[in-house]
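Chain identifiers are assigned alphabetically (A, B, ...) following the order of the sequence lines, protein sequences preceding nucleic acid strands; residue numbering begins at 1 within each chain. Please read these numbers as outputs of a predicted model, since none were measured by experiment.
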2 protein chains.
Amino acid sequence: MEVDTWKVQLRKGVLDMVILNILRDGALYGLEMVQRLEEVPDLTISEGTIYPLLSRLRADGLVFTEWVESDQGRPRKYYSLSKNGIELLEKINGAWGSFTKSINNLIDKNGGGI
Amino acid sequence: MEVDTWKVQLRKGVLDMVILNILRDGALYGLEMVQRLEEVPDLTISEGTIYPLLSRLRADGLVFTEWVESDQGRPRKYYSLSKNGIELLEKINGAWGSFTKSINNLIDKNGGGI
DNA sequence: CATAATACCTTGTATAGCAAGATATCTTGT
DNA sequence: ACAAGATATCTTGCTATACAAGGTATTATG
């Protein structure tokens with residue numbers, strides 16, 4: 001996955017970006033991400049969304065996984081950013097900045113009544 | 001189409017928002033929108049994207065159309081914002097603002113070191 | 001009359017988000 | 001020991017979108 005192809009896909013999913021960002025502080029497991037995003041307005045997702053998404057990130061080599069025993073319930077599959085994931089994250093966050101700038105220009109230009 | 005359903009669909013398409021915004025200054029025809037967006041970074045689209053999208057906006061009652069003769073080439077189908085379209089546009093632009101704020105918070109919180 | 005330019009529309013493909021359901025493990029109550 | 005519930009992952013089936021490519025129609029030009 002390259003930045004250019006990500007730009008193409010951007011409109012179909014800022015979720016990849018969001019997930020990569022919340023993994024920045026350290027490993028999380030799937031359900032934990034769902035719960036964390038429940039607290040963020042407009043970013044609530046379900047399990048049917050997160051697991052295929054994480055599989056994709058893993059297939060793309062952006063994250064790696066590790067099973068960890070839990071003292072309650074099933075073992076958890078923790079996801080961590082790979083080196084590629086970290087690199088892409090930097091690029092993606094930059095691209096997000098210019099993308100929103102483009103759109104905000106468009107909104108201001110037309111909305112501001114020139 | 002309501003704001004709530006739009007929020008759900010947001011990640012799948014900021015294009016609706018973009019089109020509604022460029023129609024704010026007045027009517028445009030399909031190909032003209034494609035050409036105008038060619039000049040905006042990251043927002044280049046093709047005819048296979050714009051026409052189904054415009055049909056959808058029209059079916060949703062957000063725009064109305066008008067055929068206008070051209071002195072060169074085929075007659076053009078001009079699209080204008082309906083009253084519903086204008087109302088939704090205001091709501092959408094507001095929702096876009098809070099959506100980007102959510103994401104920027106996430107990026108800053110994790111990227112800025114807590 | 002053929003070719004090019006303009007403009008609109010449709011078809012087929014790939015992919016994403018999601019609700020709902022399936023599967024597996026561990027804890028708790030009886 | 002056993003059923004019920006909680007935790008956690010994964011899959012299936014549906015709907016919708018973006019897009020490349022191709023099709024249709026009108027007018028101008030060589």
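Paired runs in DNA chain D that reach 3 or more consecutive Watson-Crick or G-U pairs, where each pair keeps both distances under 3.5 Å, cover C:1-30 with D:1-30.
Shown here for Phe64(A) and Leu81(A), the closest heavy-atom pair between the two residues is CE2-O, 3.4 Å.
In this structure, the CG atom of Leu57(A) is 10 Å from the P atom of dG17(C), given to the nearest Å. Regarding Asp42(A), its CG atom lies at a distance of 15 Å from the C1' atom of dG17(C), rounded to whole Å. In this structure, CZ of Arg76(A) is placed 12 Å from P of dC26(C), rounded to the nearest angstrom. Note: CG (Leu53(A)) to C1' (dA19(C)) measures 17 Å, nearest angstrom. With rounding to whole Å, Lys77(A) atom NZ is found 16 Å from dT7(D) atom C1'. Residue Met33(B) contributes atom CE, which lies 12 Å from atom C1' of dC8(C) at whole-angstrom precision. A straight line from CG of Asp16(B) to C1' of dA18(D) spans 11 Å, rounded to a whole angstrom. Put simply, CG on Leu31(A) is 6 Å from P on dT9(D), counting in whole angstrom units.
Here the straight-line distance linking atom OG of Ser80(A) with atom CZ of Arg24(A) works out to 15.0 Å at 0.5 Å rounding. One finds the CD1 atom of Ile19(B) at 6.0 Å from the CG atom of Leu53(B) (value rounded to the nearest 0.5 Å). Here the CG atom belonging to Leu62(B) is positioned 10.0 Å from the CG atom belonging to Leu89(B), to the nearest 0.5 angstrom.
Set against dC18(C), dC8(C), dC10(D), the side chain of Tyr51(A) has dC10(D) as its closest nucleotide. When distances run from any side-chain atom of Arg56(B) to the nucleotides dT10(C), dT17(D), dA8(D), the shortest one goes to dT17(D).
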Fill in: Per-nucleotide protein contact string for nucleotides 20-30 of chain D, where B marks a base within reach and S marks sugar-phosphate only (heavy atoms under 4.0 Å, - for neither)
BB---BBSS--
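The closest donor-acceptor contact from the side chain of Ser102(B) to the backbone of Pro41(A) lies under 3.5 Å. Judged purely by atom type and a 3.5 angstrom limit, Ser82(A) uses its side chain to pair as donor or acceptor with the backbone of Gly61(A).
Along DNA chain C, the nucleotide nearest to Ser55(B) and the one nearest to Gln35(B) differ in position, and the one closer to the 5' end is contacted by Gln35(B).
Side-chain contact between Val63(A) and Leu54(A): absent, with no pair of heavy atoms (C-beta onward) separated by less than 4.5 Å.
Screening residues 44-59 of chain B for salt bridge (charged side-chain N to carboxylate O under 4.0 Å, His left out) gives Asp16(B)-Arg56(B) as the qualifying pairs, with residues at least two apart or on separate chains.
Heavy-atom neighbours of Glu66(B) CD from other residues, nucleotides or ligands within 6.0 Å: at or below the threshold of 12.
Side-chain nitrogen and oxygen atoms of Tyr29(B) include none within less than 4.0 Å of the OP1 or OP2 phosphate oxygen of dC8(C).
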